[in-house]
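What follows is one structure encoded as structure tokens, with my remarks underneath.
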Amino acid sequence: MSAGDKLFGRLLNRHPPVPQALPEPPSVHGIGLQMHLDAEGRVLHLTGPLRHSLAQQTPTARAPHLLDFLLPHCSLVVEGVPADWLGQNLDLDFYSLSGQPLHLRGWIQPQADTWLLQLLDIGDLLVDRRQSRLREQCQLLAVQIGEQLRLCSLSRLPDVLADQLQSLAQRFHVPCIALALLDEDEQGWQIHQHYAGLDAPRLWQNAQRLGTGLDSLNGSAPQALNPIEHPRLQSTFGNAEGFAVPYHDAQGVAAWLLCGCYAVQQRAPDVGERDWLQFAAALASPLLERLREHRHHLQLERLESLQALLGTGWWEMFSDTGQVQLAPSLASALNLVDTRLPLHDWLDTVHPADREELRSRLQALQDESIPLLLCVRLYRPEAAATPIWYRLQGQALGVGKNRRLVGFMLDISDIKNQEQQAATAHARLDNLIASSPAVIYVQQYVEGALQPTFYSDSLLPLLGWTLADCAGAALVDKVHPEDRDRYFERSRLLLREGSVRVRYRLRDHRGDYHWILDEAKLLRDDLGLPVEAVGLWLDVTEVTLATEQIKQSEERYRILVEDSPAMICRYRPDLTLTFGNRPLATYLECAPEHLPGVNLGSWMSAQQRESFLQRLSQLSPEFPVSTAEINLQLPGREHAWWVWSDRGVFDAHGQLLEIQAVGRDNTEVRRSQQQLTQSAKMATLGEMATGLAHEINQPLNVMRMAIVNVLKRLSIGDVQVDYLTDKLNRIDTQVQRAARVVDHMRVFGRRSEIEQHPFNPAQAIEGTLSLLAEGMRGKGVDLRISETAFEVQVRGHVDQLEQVLINLMVNARDALLGKRESNPEFKPWIAVYAERDEQSVRLWVEDNGGGIDERLLERIFEPFFTTKPVGIGTGLGLSVSYGIVENMGGKLSVRNSTEGARFCIELPVVPADQITR
Ligand code: ADP
């Protein structure tokens with residue numbers, strides 16, 4: 001059996017008996033090979049069994065030389081002749097018929113005349129030696145590999161491993177070599193690192209998953225694999241021959257050294273399975289150790305960072321020394337310098353309020369192994385605002401000498417503070433519920449019925465009942481008999497609709513009823529089945545009664561508005577009516593329901609509307625009321641006069657929202673006033689009759705004179721055209737003058753227009769003088785008229801202002817003439833003058849008639865007050881004048897001057913931008 005065969009046998013687990021060491025060979029014929037040589041070393045003949053295996057290198061006819069049987073490298077060993085070789089061990093390699101060299105050891109013995117070369121087969125011996133040398137080398141290699149892997153830095157580990165695989169591959173001519181480890185979840189195998197020769201197929205790559213095929217192999221010995229015998233590994237080994245060497249640790253097979261495209265028997269016949277196991281171990285053991293160490297390191301790092309993040313850490317207490325050991329992260333979180341410290345130092349970091357409890361619980365842990373679980377606050381005297389909470393847990397591990405007291409501390413400030421906030425909020429809520437005027441209740445759903453299970457504390461102060469008083473049917477008894485149907489309907493509705501809102505009366509413990517607003521909601525479980533109803537009772541007795549009262553008072557108010565003789569309405573700032581009562585509707589000849597939407601402005605002329613809106617624009621939250629006499633143009637009717645009072649309703653920003661108005665028809669009063677004015681006017685005209693007669697007489701006199709003169713000329717026949725023309729022209733001028741007076745009288749006598757217009761007051765002074773001036777002068781009254789022509793406008797009727805002026809002047813004239821009667825020397829005068837400022841214009845009428853008795857000053861504007869004899873004075877002049885001036889927005893007043901009376905008509909000036917005509 002060749003050495004190769006033996007190895008193969010071993011690889012296949014067929015162990016032949018270990019060959020015994022050869023005994024010193026006796027010079028025995030019948031074993032080995034005996035070569036009989038002549039003195040020159042030529043072979044005379046051969047004996048011994050091995051002679052059949054010999055092959056002669058170059059067969060010769062004559063006796064061959066020993067060298068002809070030997071492999072060339074042995075020629076040195078047998079230099080010279082046999083006599084030279086005496087006493088030497090001759091290790092010689094012979095050609096054999098099998099092709100393998102035959103390793104023989106022998107020695108030379110002299111015979112009678114020949115030499116005997118006695119040779120024994122030492123092939124096995126050589127193989128063994130080579131193998132042990134090889135094993136030594138292998139061992140050395142394994143040690144080196146292991147050392148390299150063990151000593152290199154972690155970062156270089158993959159490279160070093162790759163190098164080692166490479167050196168193994170090169171050393172044993174392995175085309176592809178790889179180390180497979182269990183994958184992360186330890187379910188299958190994975191290539192950890194591989195090396196492939198330059199011309200080798202790319203069988204593997206790093207991190208490639210191999211599945212569990214390798215588990216089908218015997219895990220205790222290296223295995224030569226071929227695709228036929230190991231079909232499961234076909235894919236792993238690329239359908240070629242391979243070789244797999246396991247590495248065992250305490251847990252079982254932990255790694256495989258894989259050689260791909262590798263016929264181990266042929267390529268490394270001398271490397272034993274132990275060597276391979278050793279290589280696998282040399283690679284895998286340190287690698288796994290390093291990886292484990294690395295994982296451990298990472299885990300530790302993770303743990304550390306986790307501890308730091310959570311503010312947590314372990315602790316261990318040593319009862320013998322009274323010390324504790326803390327995780328570094330924990331020590332730093334607690335602001336401690338040392339990680340090992342006396343127990344009391346550790347306890348000092350805990351708030352005094354929790355310290356004693358912790359101490360006693362630690363004691364209990366120590367003495368009786370009672371597990372510790374406690375929440376404590378840290379002691380931080382400098383910043384006590386928000387406490388830092390730790391959860392402390394501890395337990396006893398092991399027994400006897402191995403007993404350890406360990407635990408951890410976890411920062412639970414967030415949770416704890418939230419918990420506390422929630423507790424505070426809860427307490428607040430409880431308090432709120434208890435002190436709220438509402439009663440919060442819960443009714444449990446039991447087979448279609450709702451049974452009270454909770455009432456908030458406010459039930460007692462509200463109704464004087466407790467939960468027990470309201471349980472079951474007792475509640476229904478407390479519902480007002482009239483409202484019971486409603487109460488039952490409420491429960492049905494709640495179950496049907498899921499929520500309800502209803503009012504009913506509940507009796508309190510004194511027997512009084514309260515109006516309760518009951519709002520409830522049904523809560524259902526995940527399946528939609530009712531669980532309970534949550535609701536609240538609000539005592540709405542006052543509100544309900546108040547609403548009732550408001551309703552009543554609204555009704556009264558409505559009746560008041562409806563039945564009031566006054567016209568009442570509400571309208572928007574654009575004058576659209578939103579409401580109008582019956583009197584208004586009646587006045588406007590329509591039904592009250594047709595009023596909303598109608599625009600008040602449609603009954604006004606453009607000018608009336610403008611001044612109406614102008615007046616409204618002056619309403620403000622401070623002065624919300626404005627009263628005025630307004631003038632309307634009702635269709636098919638004469639002018640109507642309303643005394644109208646508006647009250648603006650404003651929003652929070654002062655914006656006018658609506659106007660409420662009350663009005664009264666003043667048309668009749670107005671009409672009588674007009675009539676009065678008219679009669680007063682007529683009276684004035686009547687009074688002026690003398691003056692007017694004079695006014696008209698004057699031109700008539702002039703004309704008569706002219707006519708007399710013309711007739712005189714005609715009678716003497718002295719008529720010249722120029723003379724005649726001159727006289728006729730004079731007559732014409734006088735006719736025109738008389739016509740002007742008559743015209744003006746006619747205009748003056750007319751009724752005033754309804755609407756006021758802006759005009760210049762100078763116009764009235766002029767008109768007055770045209771009527772009165774001549775008459776006054778005829779009576780010897782001096783008229784002192786100052787410049788009165790202002791470019792100014794007042795609003796009213798020019799004829800009425802004229803009437804006022806006439807009254808004043810006529811009154812003055814009467815006073816003057818009366819005075820002159822008693823004193824013929826007296827020189828009477830009337831002065832008319834005017835002055836103005838921004839807002840108003842004042843017209844003065846002053847005389848030197850001695851004035852008005854101080855005691856009468858107050859009364860002269862009263863109607864029918866006169867000091868004149870019956871039939872002469874009417875006592876209306878001044879009172880009507882007063883009314884006219886007031887109607888124009890002005891004021892008529894009087895004072896006594898040194899010589900007589902001084903009347904003043906003060907009128908507001910119409911601003912230029914309001915003059916429309
Ligand atoms: P009548 O002229 O018809 O009496 P009035 O109302 O015009 O009525 O005047 C009331 C009274 O006021 C007069 O009767 C007179 O006594 C007094 N009065 C008016 N004007 C003057 C005046 N200029 N000087 C003195 N008294 C006057």
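Starting from 1, each residue takes its place in the sequence as its number. Worth saying up front: this structure is predicted, and the values here are computed from it rather than measured. Each ligand, and each atom within it, is numbered from 1 in the order the structure gives.
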>> Does the Lys NZ or Arg CZ of Arg615 fall within the cation-pi geometry relative to Phe612 - under 6.0 Å from the ring centre and within 45° of the axis?
In response: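 Yes, Arg615 and Phe612 form such a contact.
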
With the threshold set at under 4.0 angstrom, would you say [X] reaches ligand 1 through any of its heavy atoms?
| X | answer |
| --- | --- |
| Gly851 | yes |
| Gly875 | yes |
| Ile852 | yes |

> Does Thr867, backbone or side chain, put an N or O under 3.5 Å from an N or O of ligand 1?
Replying inline: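 Looking only at distances, the answer is yes, because the N/O contact criterion of under 3.5 Å is met.
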
> Are any of the N or O atoms of Ala815 closer than 3.5 Å to those of ligand 1?
Replying inline: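 No, there is no polar N/O contact under 3.5 Å.
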
>> What I want to check is whether the side chains of Arg503 and Thr544 have a donor and an acceptor closer together than 3.5 Å.
In response: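 Side-chain D/A pair, Arg503 to Thr544: present.
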
> Side chains of Ser626 and Leu616: closer than 4.5 Å at any heavy-atom pair?
Replying inline: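 A side-chain contact is absent here, since even the closest heavy-atom pair is not under 4.5 Å.
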
> Got more than 12 heavy atoms from elsewhere within 6.0 Å of CD, Glu858?
Replying inline: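 Open.
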
> Relative to atom 9 (O) of ligand 1, which among Leu816, Val810, Asn811, Thr866 owns the nearest non-hydrogen atom?
Replying inline: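 Closest candidate by heavy-atom distance is Asn811.
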
> Within the distance-only criterion (no hydrogens, no angle test), does the side chain of Ser879 pair as donor or acceptor with the backbone N or O of Glu862 below 3.5 angstrom?
Replying inline: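 No; judged by distance alone, with no hydrogens or angles, the pair does not exist.
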
> For the atom pair CD (Glu846) and OG (Ser897), what is the distance rounded to the nearest 0.5 Å?
Replying inline: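 Answer rounded to 0.5 Å: 4.5 Å.
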
> In ligand 1, which numbered atoms sit nearer than 4.0 Å to a non-hydrogen atom of Ala812?
Replying inline: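 Result: 23 (N).
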
